[in-house]
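Proteins get letters first, then strands, A, B, ... in listed order; numbering begins at 1 in each.
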Number of protein chains: 2
Amino acid sequence: MSVTLQDVAREAGVSPATASRALNAPELVAPARREHVRQVAAQLGYRPNRAARELITGRTGNLCLVVPDLENPFFAAVAKGVQARARALGLAVVVADSEEDGHLESELVGRLGAQVDGVVLCSPRMTDEALDEALARDVPLLLVNREHHGAASVVIDNADGVRQAVAHLYALGHRRLAYAGGPAGSWSDARRREGLHRAAASLPGTEVVDLGHVAPVFDGGVAVADLVVASGATAVLAHNDLVALGILNRLTSRGVRVPDDVSVVGYDDSPAATLVAPALTTVRVPLARLGRDAVDALVNHAPRAARRRAASGVTDAEAPAPVRLPVELVVRDSTGVPPAPPTAPIASTAGDLPA
Amino acid sequence: MSVTLQDVAREAGVSPATASRALNAPELVAPARREHVRQVAAQLGYRPNRAARELITGRTGNLCLVVPDLENPFFAAVAKGVQARARALGLAVVVADSEEDGHLESELVGRLGAQVDGVVLCSPRMTDEALDEALARDVPLLLVNREHHGAASVVIDNADGVRQAVAHLYALGHRRLAYAGGPAGSWSDARRREGLHRAAASLPGTEVVDLGHVAPVFDGGVAVADLVVASGATAVLAHNDLVALGILNRLTSRGVRVPDDVSVVGYDDSPAATLVAPALTTVRVPLARLGRDAVDALVNHAPRAARRRAASGVTDAEAPAPVRLPVELVVRDSTGVPPAPPTAPIASTAGDLPA
DNA sequence: TTGTAGGCGTTATCAG
DNA sequence: CTGATAACGCCTACAA
């Protein structure tokens, strides 16, 4: 059996209450006693029992992080950020992988949410309705990479990332752009698609070919690569780097040169982006910061462990405005000028274009 | 305030004890009552308070996983496996990233170990002494990727992986092999280095050039690549895929062709291995299984939450023999026959070699 | 088969 | 500033 506060109190010759205060509210206890108690505690190797503390305070000292896929470098990076910030705050992080499944995700939030002080829900795959339900629980919830009415969230500027990418491609001379979108129902995909169309609309002569929804993994990219070629687009924007990498791989093995024949742009700037040749032009997302800010927002916004007082009927303050983080385009080797029109006869029709 | 067992009991018209039994020891309660209680509990949305339960049972329902770097695909994969298996067993996982720092690692084990039923320590960077200390605590500890006297562990067959790689290279005709090792003090690196020398010794005419210790990340590989060239080796084995990828990248950008000039072999078969061109020949490690087996071993070996009974003086049974998982070489494009001797004059001395 | 009662280790609430 | 004392929610002898 480990050493309890009682042991410390007895050994120090004070009451348990005083011992408790000496450790948790030092200013409430006479300096001499305080030091004595602390010394005894240290000497005995006293470690507070978290369960007992939680039972009465209602606080666990744990946060929960739910991500769709731990192996996805995007989420791994966010997890690392969450981890680091939580540790700095003295909190532990319970991590759960939802396997890209909205139902499992909801279940995890329900199951794990009951034993933590707050939940960071990253790129939620669940429906808006499920989100509403989750929010109705008494656990503070923070969304990363998704906005939802009444929920606190930290997001990136999805549309602006696409805008930067499109501007870059446009400047290079591309006019026909393909888009390999994220999973159906993906909030960030919707934002990016929106941004894409808006950006294209503001750039005369631009066409967008929508390649539909693609699994946000390498193989998804491999699968959609042939559609890119068939689309006649000279450049393709992928929903994330994994997809872009898959496209790159498939194009290359088909003999389609990147960027000579087709330019490719990813999203996220995951570490893998520079592993390949040509290195991937991509939209850099401040991943670690996303995680850190998520924890900060959660801790600040969280109506301090309201469980115990929930009956008071005090509704939480309105969710604060989403924290929106900027992104930046990183130009590497996978983008270049589009190929010249195929043959002279056709080229002759281009007389009205600038030389 | 959430619904307690008392509420359920009252609502169901039974005593708290019966309610408790109906849920946790169904066979001890009359079928009719049992069902009634369970129904009421479900209807009220009763969720047992883990803190209260833990306080009395001494079990938390949590495992802790400590890894050196969550962004390293190797650990991400293990984490995913741990995650999945733990969930299947109804356990949650507290994940901590030690940032490749042995001291932080020890501290994390100490801090987090106190609030969980067991700790999975992955590729520990801490010293043997620190490990002994950690083992002395009352938390069941399981090592992944490292063996240590008195500790339960799940490891891979490090030496055999290297042996397979060397045999492959030897068969292709390579005789001078460079080794880009892992971090200084790395247990698995020591095993691989050992296996490398043993394998080389058994293959006549083989030489090994030791390139020393390399940071187990992409940039480490980039940095060591020039040593590979200078070493005059025709093939290089890297401590892991990240390093191999870094080497590949640097060699390629220096104009050294892979595998025509130099063959490269990685270790782990991380997802990134197939993202690059040429695809990486590597030793496949059953990552997810490593995680799953770790949880199983921990749960089975763990002297069920002994905290409460520790005073009885019953020492835990000796740690079981390490679980050793097989690995397999995956041959891809980054290995090939070594370049022919440079010029005719020199080639003439090779008369005694087979055509 | 069921109910009663005690206590797990801590903190909060009072009185002193 | 300090010390009793009462919870917190649950489990588990023990008694009925």
Side-chain angles (χ1 to χ4, degrees), chain A residues 1-38 40-41 44-61 114-115 117 138 304-311, chain B residues 1-38 40-41 44-61 114-115 117 138 304-311:
Chain A
M1 183 73 80
S2 57
V3 32
T4 79
L5 190 57
Q6 303 263 5
D7 300 330
V8 175
R10 192 177 334 105
E11 186 70 16
V14 299
S15 77
T18 300
S20 173
R21 284 188 287 247
L23 299 172
N24 303 312
E27 72 282 5
L28 293 184
V29 88
R33 261 167 207 263
R34 181 206 309 158
E35 289 317 314
H36 182 219
V37 172
R38 305 197 119 190
V40 170
L44 262 43
Y46 166 71
R47 313 276 277 174
N49 181 316
R50 311 184 87 254
R53 177 176 289 175
E54 174 185 348
L55 192 53
I56 189 155
T57 64
R59 240 162 312 157
T60 65
Q115 65 174 301
D117 296 337
D138 52 5
R304 308 238 116 265
R307 261 175 276 182
R308 194 159 294 268
R309 285 165 278 127
Chain B
M1 185 72 80
S2 59
V3 30
T4 80
L5 190 56
Q6 303 264 4
D7 299 331
V8 176
R10 192 178 334 105
E11 185 70 15
V14 300
S15 78
T18 301
S20 173
R21 285 188 286 248
L23 299 172
N24 303 315
E27 71 282 5
L28 293 184
V29 77
R33 261 172 207 270
R34 181 206 311 159
E35 290 316 315
H36 181 219
V37 171
R38 304 196 121 190
V40 170
L44 261 44
Y46 167 71
R47 314 278 276 175
N49 181 316
R50 312 182 88 256
R53 177 176 288 174
E54 173 185 348
L55 194 53
I56 189 161
T57 64
R59 242 162 313 164
T60 64
Q115 64 175 301
D117 296 336
D138 51 5
R304 309 236 117 264
R307 261 175 277 182
R308 195 158 294 268
R309 287 165 277 128

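- Atom OG1 in A/Thr18 sits 12.5 Å away from atom NE2 in A/His36 (nearest 0.5 Å).
- One atom, CD of A/Gln6, and another, P of C/dT11, lie 11 Å apart when rounded to the nearest Å.
- The distance between atom CD of B/Gln115 and atom C1' of C/dT10, rounded to the nearest whole Å, is 16 Å.
- The phosphate of D/dC10 (OP1 or OP2) has no side-chain N or O of B/Ser20 nearer than 4.0 angstrom.
- The C1' atoms of five pairs define one axis at each end of the helix from C/dT1-D/dA16 to C/dG16-D/dC1, and these two axes lie 40° apart (to 10°).
- Atom CZ of A/Arg34 and atom P of D/dC1 are 9 Å apart (whole Å).
- The OH atom of A/Tyr46 sits 10 Å away from the P atom of C/dG9 (whole-angstrom rounding).
- Taking the side chain as every heavy atom from C-beta outward, A/Arg38 and A/Leu23 approach each other to under 4.5 Å.
- As a whole-Å value, the separation of A/Glu54 CD from C/dC8 C1' is 14 Å.
- The side chain of A/Asn24 contributes an N or O atom lying less than 4.0 Å from OP1 or OP2 of C/dT11.
- Between the CG atom of A/Leu55 and the P atom of C/dT11 there is a distance of 11 Å, rounded to whole Å.
- Phosphate proximity of C/dT11 to A/Arg53: present, with a side-chain N or O under 4.0 Å from OP1 or OP2.
- Qualifying salt bridge (charged side-chain N to carboxylate O under 4.0 Å, His left out) partners for A/Arg47, counting only residues two or more places apart in sequence or in other chains: none.
- Rounded to whole Å, the distance from CZ on B/Arg10 to P on D/dG9 is 12 Å.
- Taking every heavy atom of both residues into account, A/Asn24 and A/Pro26 meet most closely at C-CD, 3.5 Å.
- Proximity of B/Val14 to B/Val29: side-chain heavy atoms (C-beta onward) are nowhere separated by under 4.5 Å.
- Heavy atoms only, all atoms of each residue included: A/Pro16 and A/Leu5 are closest at O-CD2, 3.9 Å.
- Taking atom CG of residue B/Asn49 and atom P of nucleotide D/dA7, one finds them 17 Å apart after rounding to whole Å.
- Atom CZ of B/Arg53 sits about 13.0 Å away from atom CG of A/Leu55, to the nearest 0.5 Å.
- When all heavy atoms of B/Gly45 and B/Val3 are compared, the closest pair comes out as O-CG1, 3.6 Å.
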Protein-nucleotides 2-4 of chain D N/O pairs under 3.5 Å:
residue	atom	partner	partner atom	Å
D/dT2	OP1	A/Arg33	NE	2.7
D/dT2	OP2	A/Ala30	N	2.8
D/dG3	OP2	A/Ser15	N	3.3
D/dG3	OP2	A/Ser15	OG	3.4
D/dG3	OP2	A/Thr18	OG1	2.5
D/dG3	N7	A/Arg21	NH2	2.6
D/dG3	O6	A/Arg21	NH1	3.0

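- In this structure, the side chains of B/Arg10 and B/Asp7 come closer than 4.5 Å at one or more pairs of heavy atoms.
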